[in-house]
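We name chains A, B, ... by the order of the sequence lines, and we start the count at 1 in each one. Quick note: numbers below take in every heavy atom, side chains included, and nothing from hydrogens, waters or symmetry partners.
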Protein chains: 2
Amino acid sequence: MTKIAILGIAHMHGYSYVRALKRMNDIEIAGLYDEDRSRMNKACKDLGIKPCEKPEELVARSDGVIVTSENSTHREFVEIAAGAGKHILCEKPIATTVEDAEAMIEICRENNVKLQIAFPVRYSASVRKAREIIAGGLLGEVVSLVGTNHGRMPGGWFIDPVLGGGGAVMDHTVHVVDIVRWFLDCEFTQVYATYGTLIHDIPVEDCGLEMFRLSTGQYMTLDCSWSRPKTHPYWGDVTLHIVGTEGTLFLDVFNSKIEVYSNEKGSRWEAYGDNFDCLLIEDFVEVLRSGKDPFTRGEDGLEALKVVDAAYKSFREGQEIQIC
Amino acid sequence: MTKIAILGIAHMHGYSYVRALKRMNDIEIAGLYDEDRSRMNKACKDLGIKPCEKPEELVARSDGVIVTSENSTHREFVEIAAGAGKHILCEKPIATTVEDAEAMIEICRENNVKLQIAFPVRYSASVRKAREIIAGGLLGEVVSLVGTNHGRMPGGWFIDPVLGGGGAVMDHTVHVVDIVRWFLDCEFTQVYATYGTLIHDIPVEDCGLEMFRLSTGQYMTLDCSWSRPKTHPYWGDVTLHIVGTEGTLFLDVFNSKIEVYSNEKGSRWEAYGDNFDCLLIEDFVEVLRSGKDPFTRGEDGLEALKVVDAAYKSFREGQEIQIC
C-alpha cells in the first residue's frame, strides 16, 4: 500500500489528483493539510479524505507527497517533505521566484529525494505524437515556432500578485516552454515580452506576448492570456505551429473534443481520450514504487520559471533579456 | 498461449490486426491462408507469419479465427471455422447478402461459436464519450441525426460488384448505422436512398445519400462516399451531428489529429490516441480467453447489412423501403 499526503488544496488540480489516485490499486491517501482550515475541511468532505492539523505528522506517515498549495507556498511544503526524506510531486510553476526554486531543488538533492513537477501537457498523446514526428525528421530542420496558451481568468489567489507570483504570464508560459524544451532538446536563451491587464479588473496581467530565442537557433513567439470568456466551451487551449525546412506541423493539444451545446450546461467541448492528470499521477506513483526518475523534474520546473522571470524583467526594462 | 488463424488477407485491416496481435502477450499467430497464393506469400513475408495451404488444417490448430477475406467470401471461411468449433472475428460488412449473413449467424449458433464483427469505430474513445453524453440526458430527447462517412476510393476488389457486394454505400453505411444503433438502442426501420458513380471510372457507386427512419422515431440522413482525393490528409471521416430537445452534439470520430504538411509525405493528419484496431483485437482475444460475449456481434453485422440491402433496393425501385 503506497501512502500519499496532500499538502495544500488551493490549486484545483489537487482535486483531480486525488480522484486519479482513488482510481488506482494499493493507494492510500494519508490525508490533507491546508493552512486554510475551512478550505481543508470542505475538500476533505468533498473528496472523502482525512484532514490533518500538522503537515509534519502527515508527511511522516506517507511514502510520497503532493503539493498543491498556492504557488508562493510550494517551497515551505517541499522543505517539510524533503526534510522527511519523502519524494514529491509539486504543482507548476515550481515557485514564484528563481531563488525559491533553486532552494527546493537543492534541499531535495541533499536529502536524496525526487522532485517531480506537474507538467501534465507533456503526458498528452498529442504532444507525444508531435515529438515523435519532429524526432523522425519529417519537418527537416525546425525553423520557427508560434505557440498559444489561453484560458479563462481563474480568480481567487491566482490573481493575488504575492500568492500567484504574477498573472497569465506566470500561469501559462511554463506549459509551452516545457514541451518545446522537450521537443527540441533546447533551452530558452533570450526573451522580449510585453503584457497588460486588458480584459479584467484585476491586479495582475491577463494578456502577455513573448518572443524567444532558443539555444538551438530558432525564434519562437507565445501568446499567453486569460482571455477566454466564461462561456468559452473549454478551460484549456495549448497550440503550437512549427515550421521546418521540409514541412510544417500544427498541434492543438485539446483537439480531442465533442462539441456540445446544451440548455442545461451551455456551450461546451466534452473531451475524450487521455486524462493527462491520471497519466501524471500514475508516473508519480511509479516513481515512488520503482525509484525511477520522474518524467518532468524539478530542473524542468526551474528552467521554465527562469523564462517567466526573464519575461517579466523584459517588460519592466523594455528590452530583450538574456535568460540565465 | 492463444493461437489465432488468419483466413484471407484481401482486406488491409488484416495487416493491422496481425500487428495488433503481435503487440500482445501470449499470442501465437498460427498462420495465414489465402486463395490467392501470391497475395498470401507477400503478406506472410511482410508480417513474418506462416503461409498455410489448407484453411481446415490451419483452423484445427487455432483457438480463434480472424476472417479478412473479400466481403463475398466471408461466409465460406466462417463456415469452416464454425464447423471446427472456433470463435470468429469477421471483417465488416458481415457479408454481401442478407442470406449469407443469416446463414453465418445460424451456423455459429448451432456450433456454439461466438461471432464478432469488426466495427472498430465503436471502440473509439470519442464514440464512447458521445454515447455517455446522450445516455446522460444532456441533449434531452434526440430529434434528428445527420451523419457522414467519406473516404478515398480503395480500388482493387473493393470495386468489384461481386467480391465487394457494392461500392461506397456497402463499404461505409455500416459503421454509422452501427454506432447509431448503439447510441439510441434502436433499429433502422425505413430507408430512402440514391446513389451514383460521380467521381471515378468504376463499376460500382462512389457516392450515396440515404434518409432513414428509426424505431425510436427519429429521421436521420447519411452521406457516404469515396469522394476524398488521393491527397486528402486522412483515410477516414466519420461524423455525426445529433439534435435533441435540450441540446446538440457534433462528433468527429477522427478529430484527434496533428496537421502535418511535409515535402516528403504531402498533406496529412497524424492521428494520436486510441488505436481502434488494437482495442477491437484485445476485445476478441478477451472473448477467446474469458468466454465473454463480443461487444459487436454477428447480429449487429446483420442489422447493418439489412439497412444497406434495403438502401440498394430503394434506389432500384425509387421509393422508400421498409427494412425487415
Heavy-atom pairs under 4.5 Å with chain B, option from A/Lys265, A/Glu264, A/Glu270 with the top count: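 That would be A/Glu270.
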Contact residues of residues 240-248 of chain B (partner chain A; heavy-atom separation under 4.5 angstrom):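 Checking residues 240-248 of chain B against chain A gives B/Thr245, B/Glu246, B/Gly247, B/Thr248.
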Interchain contact, A/Leu139 with chain B, by part (heavy-atom threshold 4.5 Å):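 For A/Leu139, the contact with chain B is made by the side chain alone.
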A/Lys292 NZ: over 12 foreign heavy atoms closer than 6.0 Å: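 Yes, enclosed.
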Residue A/Glu299 excluded, over 12 heavy atoms near CD under 6.0 Å: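 Counting other residues, nucleotides and ligands, CD of A/Glu299 exceeds 12 neighbours.
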Sub-4.5 Å side-chain heavy-atom contact between B/Ser256 and A/Tyr272: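 A side-chain contact exists here, since the closest heavy-atom pair is under 4.5 Å.
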Min side-chain heavy-atom separation B/Asn255-A/Ile258 under 4.5 Å: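 Answer no - side chains too far apart.
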Rounded distance [0.5 Å steps], NZ in A/Lys257 versus CZ in B/Phe250: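 Those atoms lie 10.0 Å apart.
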Minimal non-hydrogen separation, A/Gly273 against B/Ala125, with atom names: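 Shortest heavy-atom separation between A/Gly273 and B/Ala125 comes out as N-CB, 3.7 Å.
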